[in-house]
Amino acid sequence: MEERKKRIFSGIQPSGELTLGSYMGAIRNWVQLQHEYDCLFCIVDEHAITVRQEPAQLRKRSVAQLAQYIACGLDPEKNIMFIQSHVPQHAELAWILGCYTQFGELSRMTQFKAKSQQHADNITAGLFTYPVLMAADILLYQADLVPVGADQKQHVELTRDIAVRFNGVYSDTFVLPEPFIPKLGARIMSLDDPSSKMSKSVPDGCINLMDQPEVIMKKFKRAVTDCETAVKFDQANKPGISNLLTIYCAATGKTMDEAEAEFAGQGYGVFKPAVGEAVVELFRPIREEADRIMKDKAYLEGVYKTGAQRAQYLANKTLSKVQRKIGFVAR
Ligand code: TRP
């Protein structure tokens with residue numbers, strides 16, 4: 001018998017535009033992973049509302065994000081692609097798992113501490129319990145691997161702790177997931193502050209997947225560098241140039257040595273627009289395809305409805321098992 005493929009779950013919040021960071025750090029890797037694993041790729045709108053969202057924007061972005069996933073090369077036949085709020089089992093399991101999570105554990109989450117500082121006037125219970133919802137996302141599907149950026153590793157570890165605890169009390173129920181930080185995953189930093197991660201919540205210094213070529217070029221020309229002239233990778237002393245080199249290599253497939261050689265003796269005035277061009281060319285076909293798919297509302301609706309059905313089928317298996325084990329009356 002054929003061995004069951006390992007299962008992957010991952011998701012991105014529709015709380016802003018997809019960025020060069022989301023592409024290089026996540027989606028591009030998912031495109032590779034879809035061939036080897038059984039994958040679920042989610043648009044986690046329930047996570048997005050942990051901070052205030054504009055309703056019309058959230059709705060539009062959730063569907064646009066799906067179109068962009070597809071335009072990047074994720075195949076909705078091969079993978080289960082869906083919108084989190086369409087599968088109510090996420091919220092149901094999250095409630096249950098919250099009763100197996102300690103207040104102290106959630107208080108120690110680094111991202112909660114950071115976000116509650118950023119949103120000091122709106123520290124909701126949802127922001128606090130967000131890692132439990134993420135645990136539900138992962139455990140519902142018995143995912144083996146969870147591709148995430150380094151900032152999410154702590155949440156996957158918490159997910160494991162919750163799963164171990166639950167399994168310990170009620171016998172084996174959940175597969176223990178592992179964070180999966182892909183080898184290829186380039187860490188892209190902000191163009192206006194190379195010490196912080198490129199993030200959609202900080203739009204300055206951020207390249208969006210759907211940005212027009214002239215916007216991309218302008219952002220690269222303005223990128224923060226240093227007061228030297230050499231295009232050399234030196235993380236400690238030249239973080240801006242090093243970030244641009246990382247982007248250039250990731251966009252063109254060239255090695256760092258090749259890139260450095262190409263720009264030897266040339267100043268930043270040549271280098272910065274060259275990085276911009278490389279990204280423009282990388283994103284051009286994706287943007288055009290996403291625009292085309294966005295016009296086909298019926299197709300997109302079909303994709304997310306089918307995705308939700310397939311996800312619900314799997315989610316229900318786990319949720320019913322959990323409900324039975326903890327003593328809920330069968331429906
Ligand atoms: N919390 C993740 C982030 O902000 C997004 C996310 C939600 C996620 N649920 C997930 C990622 C489950 C992987 C698996 O980046």
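Note that the coordinates shown come from a computational prediction; the quantities given were computed from them, not determined experimentally. Just follow the structure's listing: the first ligand is 1, and inside any ligand the first atom is 1. In this chain, numbering begins with 1 at the start of the sequence shown.
- Pairs engaging residues 269-290 under the side-chain hydrogen bond (donor to acceptor under 3.5 Å, both in side chains) rule: E281-R284, E289-R292 [sequence neighbours left out].
- Proximity of a side-chain donor or acceptor of Q84 to a complementary backbone N or O of H90 within less than 3.5 Å is not detected.
- For the residue pair R61 and Q65, no side-chain donor N or O sits within less than 3.5 Å of a side-chain acceptor on the partner.
- In this model, a donor atom of one side chain and an acceptor atom of the other lie less than 3.5 Å apart for Y248 and E262.
- D38 pairs by the salt bridge (Lys or Arg N to Asp or Glu O under 4.0 Å) definition with R7, not counting sequence neighbours.
- Every protein residue with a heavy atom nearer than 4.0 Å to ligand 1 is included here: F9, S10, G11, Q13, V44, H47, Y130, M134, D137, I138, V146, V148, Q152.
- Legend: residues meeting salt bridge (Lys or Arg N to Asp or Glu O under 4.0 Å) with K6, ordered by chain and number and at least two apart, are absent.
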